[in-house]
Number of protein chains: 2
Amino acid sequence: MDTIKTITIIGAGCVGSFMARELYKKGYKINEIVSRREETAQLLAEEVHGRAVKDEYDQISKDSDLYIVSVKDEVIMEVRKKLNVKNKIVVHTSGSMPAEVFKKSSTNYGVLYPLQTIIRERSYEIEKIPFFITASNKNVLYALNVFARSFTQHVMEITDEKRAKLHLAAVFASNFTNYLLKISKEIMDEEMLNFDLLKPLVDESMNKAFQVGPLGSQTGPAKRGDCNIIDKHISLLGKDEYKKLYSLLSDMIHQEYKNMPKKHSH
Amino acid sequence: MDTIKTITIIGAGCVGSFMARELYKKGYKINEIVSRREETAQLLAEEVHGRAVKDEYDQISKDSDLYIVSVKDEVIMEVRKKLNVKNKIVVHTSGSMPAEVFKKSSTNYGVLYPLQTIIRERSYEIEKIPFFITASNKNVLYALNVFARSFTQHVMEITDEKRAKLHLAAVFASNFTNYLLKISKEIMDEEMLNFDLLKPLVDESMNKAFQVGPLGSQTGPAKRGDCNIIDKHISLLGKDEYKKLYSLLSDMIHQEYKNMPKKHSH
């Protein structure tokens, strides 16, 4: 199997655009950008000096070394039907899809999953993003490993099953925590308190969770079983769903800690 | 009202111990440490060169300039009955209790609420912790303000109502996010994946929430309305409560974003 030098990117969403730009910067030749939305494909293709292809799979060149499919999981199921690249390597970037969704598209397939929450408004150091690879055979594994190590310091081989659990853990650690901050900011906004006041607290909470472990670093009224505060907080929340979420989380935390031996307290 | 120089600390839990040590380091005279648990009081008192008092309120000296009560909210209700310090300043450190719980203990009372999650196993730079003060009158406000500014860069006056909402926002941003990390770590542990692999993701998620705002920085299957992944994730979760929490959060996120205009996607 040849070393990966030329790349087709299918999907010009956050991850596809990010990968196209970063790989271009690292010296890879971006052959094509494929997107259902012509303008998006065109703009990104110009930026990385590639060709734009509007979702017509018969027009995709057969001579890229690697095809990176970065589309929603439901769209992967469409792409797999239309994409045929014979023995070239095709990968997707999804946490949850098995590698073999592309087994009819090529004899050489795999996954290249970046563990990061990527949005357009931010810049990222690709070197610091852990990439998890899965491959249909040893040659693909070797090629993807060499490829990934050319742009990031953190590459790990992983099975489909473990990657799915990793993605699940990431949803709790990133997507759901972000949503809790959304609620938190709404409460601050209502009181005209600057959301940034919470930054030192959030930073410390996260650092302590990784340094001490989140089980040992839990604090707050639910852990203490302080029903007065819990009831007061629920009454202060406007939306019924927020009340429900507060109750559920507090119950879970309380259950977790009520039988644990206490350390010091007054 | 005299400048605050001498202090009695009531409660030797995480916050009380932290305040005693930090104020001692800043040159304040810690008269007494009061705790129901004799040994705890004794150890902390020795450390800050004060006297230990075992929860006998008639033995507490009347001549400290400031009495800091750092006990669970339910214990505050006991302390208030027993504590009488005439016109000396008495404050608690609770986010949720009104200032006036101590109005029978002294003519001068207030609150000194540190916005940080404090556990014994960690060290903190008190200078970077925001302190929120509430006071029964202008003299107390002035005294507490001068006092707090002697050890932290961030002091804000706040009403009882706003402080309660701030505390509520902090529970979402700190206690509940920590609990989500606890679940996340369990999932990683089950797969023998190192929890630290998630650190760059969590760091970026939090930074982006503060820089872009959490509403704009949401990502993930729930935001995309990716039901296949959501169903798969729920099936991967072991405990019923985790399934329930995953569903609730995903529903809430999906409701939030389903009617928002989309930016780019494939």
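To find a chain, count down the sequence lines: A is the first, B the second, and so on, and within it residues start at 1.
For the set B:C227, B:P221, B:A222, the entry with the most heavy-atom pairs within less than 4.5 Å of chain A is B:P221. Most heavy-atom pairs under 4.5 Å with chain A: of the set B:I119, B:T177, B:T117, this distinction falls to B:T117. Among B:E74, B:E241, B:Q218, the residue with the largest count of heavy-atom pairs under 4.5 Å with chain A is B:Q218.
Contact between A:G220 and B:N175 at its shortest, heavy atoms only, is CA-OD1, 3.2 Å. The heavy-atom pair separating B:L115 from A:L197 by the smallest distance is CD2-O, 3.5 Å. Nearest heavy-atom pair, B:A209 versus A:L181, reported as atom, atom and distance to 0.1 Å: CB-CD1, 3.5 Å.
Only the side chain of A:P130 comes within contact range of chain B, judged by heavy atoms closer than 4.5 Å. Only the side chain of B:Y124 comes within contact range of chain A, with heavy atoms under 4.5 Å apart. In this structure, the portions of B:L245 lying under 4.5 Å from any heavy atom of chain A include both its backbone and its side chain. For a residue to count as touching a neighbouring chain, one of its non-hydrogen atoms must lie under 4.5 Å from one of that chain's; by this rule A:S17 does not touch chain B. Only the side chain of A:L193 comes within contact range of chain B, with at least one heavy atom under 4.5 Å from a heavy atom of that chain. Within the 4.5 angstrom heavy-atom criterion, atoms from both the backbone and the side chain of A:K208 approach chain B. Of the atoms belonging to A:D251, not a single heavy atom falls under 4.5 Å from chain B. When heavy atoms are compared at a cutoff of 4.5 Å, A:L236 approaches chain B by way of both its backbone and its side chain. In this structure, the portion of A:L248 lying under 4.5 Å from any heavy atom of chain B is its side chain and not its backbone.
Proximity to chain A at a heavy-atom threshold of 4.5 Å picks out B:M156, B:I158, B:K162, B:A164, B:K165, B:L166, B:H167 from residues 155-167 of chain B, in numerical order.
For A:D73, the side-chain hydrogen bond (donor to acceptor under 3.5 Å, both in side chains) test picks out A:S94, with sequence neighbours left out.
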Full working for side chain to side chain contact (heavy atoms under 4.5 Å, CB included) between B:T219 and A:I118: CA-CA 8 Å; B:T219 61; A:I118 293 171; over 6 Å; no
Chi angles and distances behind the side chain to side chain contact (heavy atoms under 4.5 Å, CB included) call for B:K182, A:I253: CA-CA 10 Å; B:K182 194 220 69 150; A:I253 295 170; over 6 Å; no
Full working for side chain to side chain contact (heavy atoms under 4.5 Å, CB included) between B:L237 and A:F172: CA-CA 11 Å; B:L237 284 165; A:F172 277 95; 3.9 Å; yes
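At a threshold of 4.5 Å between non-hydrogen side-chain atoms, the residues A:H233 and B:S96 count as touching. Proximity of B:N207 to A:K199: side-chain heavy atoms (C-beta onward) are separated by under 4.5 Å at one or more points.
Between A:F195 and B:F210, the angle of the ring planes stays under 30°, which puts this pair in the parallel group of the 30/60° scheme.
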